[in-house]
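What follows is a single structure, written as structure tokens, with notes after it.
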Amino acid sequence: MIPKLLSDNAPGAGKPHGYRRDIDGLRAIAVLSVVAFHFGEHFMPGGYLGVDVFFVLSGYLITGIIVREAGEGRFSIARFYERRIRRIAPALLFALTATTGFAALILLPLDLEGYGESLIASLAFVANIYFWRDGNYFAQGSETKPLLHIWSLGVEEQFYIFFPLLVMLLASRKGWLFATVVGTVAASFVLNVWSLRAGYASPAFYLLPTRAWELGAGALLVFLPKPAIARGTAEALMAISYVMLIAAIIAAPLWVPHPIPTALPAVFATALLIWVGSAGTPTALSGPLKTAPMVGVGLISYSLYLWHWPVIVLAKYYLVDAPGPLMILALLAAMFLAAWASWRFVEKPFRSKDFPVRKLYWITGGWALALALAGLAFVQSGGFPSRLPQSVAQLNAAIGSHYRCSLADTKVYAGVRSCWFGEGDPATADTVLLGNSHAQMYAPILRDQAETRGENLLMIPANGCAPLTGINIRPGCIAVAEANIEAAAKHPEADTVMIAFAWHIAEDLVDPSGEAPADPAQALIAGLDRTIDTLRAEGKQVVVVGPIAVPDYELPSVVSRANAFGRDNPYPIERAESDFLSEFAPYLDHFRARGDIKLLEPHRVQCQDGVCRYMADGKSLFADKTHISRDGLEVFAPVFDPENSVARGRTLSEKEDAQ
């Protein structure tokens, strides 16, 4: 017999844990915030934090059930997972089926192949791990991934694999259980902060160890006594919570300092609203959460979350351009109708106790298997490229083809994350490549040239940051960049350090206090000068890779879709060379004039006859908005050949003429 875990007045005990309309109201806030964010970040820059609100609610509700049943001696792992399957699987499978049908009709080969992978990952509840390895949630390319939002279900279900077992293990020791949950929350939060500070923003966003503190925050509420507070105090606490939650959802990314997780105010405000609401004290501020519209949206919030993103993605994908106001209204109507139908005809019937368990398992198991086989077919066929003209398939294949360091090549050198191309110890490298993802994209060229010379290459990247000292893209990047620069400067064997990064970041630069410089271009120059001086002081030869003209839109995706669907490309495929030179002249002039470095100018092979091209011979030179594609490497490779002239090889037009 498992002893009782909670006091009678705790939120997770007995009847006080019954249905609460305000919880559904909070669900409505969460899902509507996410929907608004996904229609455009400018609508609600912190709207994605609605997912964090869901995490807290889930942690509170599910933990309350587990702990209450354990305390009454009737908790069963089998029954727990049966309830999870009833709650999660049918609506998910229904949404995945519809999405898969539309995806098969309109997604181009590379996107359909990726969809197949994400479908299998979603069915296995490891979508968060898949999308962590696949790319950045906030990148523009994410708008072509119809199942990206399923990452959050992966986090939740992974949490509920371990948490019920923890409760069962420590059920007889109430104090130990509470202390373990507190310790888990604290450890997860610290790991999240450390990950952000160290430049691991993507795993911090996607993975359970750095997200568990949010679910744990909700779980902790179950162990707290029900608050006995006066109406005035409840009003004040709810007012504080509302202000904090609204401020977080509207603009948390703009005011929460790095490396504090932007989710913190939303998580704290949600937890406070749940805790104050558990007192049952009637207040004017609790009323809005309990209104019929809010409760109604809260009831369908799970299905609405499942449907909203595929509807938005597939519509934008087919339209190529952003939807107008009327189309947005139509999409909103479609997703709400689909969500209501899913709730009414799928969620409710399967959650009913009258629906036999054996039938539940057979239907959901067979359904999931059929979808997995469809996903496998998409992957094995490469997205069925034969259904499209070769020119469209070739363009589509460039998407996301820029180089990124593999886990196998990732090493820790001098305390910083690095990528090692060579044999033996990274301390034996002949050349160090320093920068961010815009340095990584050149790595295959430099790796091949190093191998030809019998040398080794070490890359020290800080993605999301720039190799500048004293100033950077965000305050937290300054320490990261300076640690990387110090590691490169102190490298015992490398004679040469090559610096590459995205030169268009000037407008994003801030100083250690978070203030933007009065003259961004001069601030960038000064920051890079300090980096060069640090390296030169240690006797390093410094090579700086200059700017290139970038499309600033997802070129291979947009152009291939426009060609496939017979639409006009709404964006340019080239830029006037005069515009490019005007923008980057301060940098080019300054670093050309420095006599102690070597400046490579890759734009010289890209810009000819007065234009800077984004495509050549029907191929995209770019993998996305700014990174060079696999095809583009061939064009830019001569720039890095030390035996060539300033342009480092034939011009782009000469190359095309030769072909």
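All of these numbers come straight from a predicted model, not from anything done at the bench.
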Original post:
What residues form a ring pair (Phe, Tyr, Trp, His ring centres under 6.0 Å) with Y115, not counting sequence neighbours?
Top reply: none
**OP:** Give a yes or no answer on whether the side chain of D624 reaches the backbone of G400 with a donor-acceptor pair at less than 3.5 Å.
**Re:** no
Original post:
Do you know which two heavy atoms are closest between S195 and T210, and how far apart they sit?
Top reply: OG-CG2, 3.8 Å
Subject >> Parallel, tilted or perpendicular, as decided by the 30° and 60° cut-offs, for the rings of F636 and Y442 >> reply: perpendicular
Original post:
Can you list the residues that meet the salt bridge (Lys or Arg N to Asp or Glu O under 4.0 Å) rule with D508, with sequence neighbours excluded?
Top reply: none
Subject >> Audit row: D631, S629, side chain to side chain donor-acceptor pair (under 3.5 Å) steps and yes/no >> reply: CA-CA 5 Å; D631 293 327; S629 69; 4.9 Å; no
Original post:
Does D430 come within less than 4.0 Å of R453, counting only side-chain N to carboxylate O?
Top reply: no
Original post:
Any side-chain heavy atom of P517 within less than 4.5 Å of one from D511?
Top reply: no
Original post:
In terms of ring plane angle, is the pair Y403 and F421 parallel, tilted or perpendicular, where the classes change at 30° and 60°?
Top reply: tilted
Subject >> Donor-acceptor contact below 3.5 Å, side chain H491 vs main chain P426 >> reply: yes
**OP:** For E493, enumerate each residue passing the salt bridge (Lys or Arg N to Asp or Glu O under 4.0 Å) test, keeping only those at least two apart in sequence or located in another chain.
**Re:** none
Original post:
Less than 4.5 Å apart, any side-chain heavy atom of I548 and any of I628?
Top reply: yes
**OP:** Check whether any side-chain heavy atom of K625 lies under 4.5 Å from a side-chain heavy atom of V550, and answer yes or no.
**Re:** no
Subject >> Partner of I485 under side chain to side chain contact (heavy atoms under 4.5 Å, CB included), chosen from I532, L434, V497, V416 >> reply: L434
Original post:
If you round to the nearest 0.5 Å, how far is CE of M44 from OG of S33?
Top reply: 5.0 Å
Original post:
Distance-only, no hydrogens or angles: does the K540 side chain make a donor-acceptor pair with backbone N or O of A494 under 3.5 Å?
Top reply: yes
Please tabulate, one pair per line, all N/O donor-acceptor pairs under 3.5 Å involving side-chain atoms of residues 573-582, not counting sequence neighbours.
residue	atom	partner	partner atom	Å
R575	NH1	E583	OE1	3.0
R575	NH2	D579	O	3.4
R575	NH2	E583	OE1	2.6

**OP:** Identify the two heavy atoms, one from V34 and one from G50, that lie closest to each other, and give their separation to 0.1 Å.
**Re:** CG2-CA, 3.8 Å
Original post:
Do we see a donor-acceptor contact under 3.5 Å between the side chains of D409 and S406?
Top reply: yes
Subject >> Separation between CZ of R561 and OH of Y318, rounded to the nearest 0.5 Å >> reply: 12.5 Å
Subject >> Residue pair P461 / S418: nearest heavy atoms and the distance that separates them >> reply: CD-CA, 4.0 Å
Original post:
Less than 4.5 Å apart, any side-chain heavy atom of S437 and any of H627?
Top reply: yes
**OP:** For atom CG of D589, decide whether the heavy atoms of other residues, nucleotides or ligands shown that lie under 6.0 angstrom number more than 12.
**Re:** yes
Original post:
Does the E634 side chain pair with the main chain of R630, one donor and one acceptor, at a distance under 3.5 Å?
Top reply: no
Original post:
For I471 and A523, which heavy atoms make the closest approach, and how far apart are they?
Top reply: CD1-CB, 3.6 Å
**OP:** Decide side chain to side chain contact (heavy atoms under 4.5 Å, CB included) for I129 and L207; before the verdict, give the C-alpha distance in whole Å, the side-chain angles of both, and the deciding distance to 0.1 Å.
**Re:** CA-CA 7 Å; I129 298 173; L207 301 185; 4.1 Å; yes
Original post:
Is there a side-chain contact between S620 and V559 (heavy atoms, below 4.5 Å)?
Top reply: no
**OP:** Could you verify whether a donor N or O on one side chain and an acceptor N or O on the other, from D552 and H504, lie under 3.5 Å apart?
**Re:** no
Original post:
What are the two closest non-hydrogen atoms of N484 and A462, and how far apart are they?
Top reply: ND2-CB, 3.3 Å
Original post:
Would W503 and Y587 count as a ring-ring contact (aromatic ring centres under 6.0 Å, His included) if you check the C-alpha gap in whole Å, the side-chain angles of each, and the deciding distance to 0.1 Å?
Top reply: CA-CA 9 Å; W503 291 78; Y587 311 130; 5.4 Å; yes
**OP:** State, yes or no, whether a side-chain contact exists between D52 and R211 at a heavy-atom distance under 4.5 Å.
**Re:** yes
Subject >> CA sep, side-chain torsions, deciding dist, call: F205, F131, side chain to side chain contact (heavy atoms under 4.5 Å, CB included) >> reply: CA-CA 10 Å; F205 183 89; F131 286 116; over 6 Å; no
Subject >> Interatomic distance, T144 atom OG1 to L107 atom CG [nearest 0.5 angstrom] >> reply: 8.0 Å
**OP:** Please confirm whether the backbone N or O of V542 pairs with a side-chain atom of R536, one donor and one acceptor, at under 3.5 Å?
**Re:** no
**OP:** Could you tell me whether the side chain of Q606 and the main chain of A549 form a donor-acceptor pair under 3.5 Å?
**Re:** yes
Subject >> Side chain Y553, main chain P572, donor-acceptor under 3.5 Å >> reply: yes
Original post:
How many angstroms lie between atom CE of M459 and atom CD of Q440, to the nearest 0.5 angstrom?
Top reply: 4.0 Å
Subject >> R567 and D321 ion-paired at < 4.0 Å >> reply: no
Original post:
How many angstroms lie between atom CG of L457 and atom CH2 of W420, to the nearest 0.5 angstrom?
Top reply: 8.0 Å
Original post:
Are side-chain heavy atoms of H438 and T626 found at a separation under 4.5 Å?
Top reply: yes
**OP:** Apply the test side chain to side chain contact (heavy atoms under 4.5 Å, CB included) to residues T531 and I499: give CA-CA distance (whole Å), side-chain angles for both, the deciding distance (0.1 Å), then the verdict.
**Re:** CA-CA 9 Å; T531 297; I499 302 171; 4.0 Å; yes
Subject >> disulfide (SG to SG under 2.5 Å): pairs with one or both residues in residues 469-573, sequence neighbours excluded >> reply: C465-C477
**OP:** Please lay out, stage by stage, how L433 and M498 fare under the test side chain to side chain contact (heavy atoms under 4.5 Å, CB included).
**Re:** CA-CA 5 Å; L433 175 61; M498 182 174 291; 4.1 Å; yes
Subject >> Approximate separation, where rounding is to 0.5 Å, of T262 OG1 and W255 CH2 >> reply: 10.0 Å
**OP:** Answer yes or no: does atom CZ of F591 have more than 12 heavy-atom neighbours from other residues, nucleotides or ligands under 6.0 Å?
**Re:** yes
Subject >> Contact summary for I460 and A488, nearest pair of heavy atoms >> reply: CD1-N, 4.1 Å
**OP:** Dump the intermediate steps for salt bridge (charged side-chain N to carboxylate O under 4.0 Å, His left out) on D134 and K145, then the final yes or no.
**Re:** CA-CA 10 Å; D134 189 54; K145 298 177 174 64; 3.7 Å; yes
**OP:** Write out all pairs satisfying disulfide (SG to SG under 2.5 Å) with one or both partners inside residues 409-460, taking only residues at least two apart or from two chains.
**Re:** C405-C419
**OP:** If the plane angle is over 60° it's perpendicular, under 30° parallel, otherwise tilted; pick one for Y206 and W151.
**Re:** perpendicular
Subject >> Residue pair F189 / L191, side-chain heavy-atom distance below 4.5 Å >> reply: no
**OP:** Look at the side chain of D425 and the backbone N and O of A427, then say whether any donor-acceptor pair between them is shorter than 3.5 Å.
**Re:** yes
**OP:** Please assess Y130 against W132 for the test ring-ring contact (aromatic ring centres under 6.0 Å, His included), listing each intermediate value before the final yes or no.
**Re:** CA-CA 5 Å; Y130 171 79; W132 161 51; over 10 Å; no
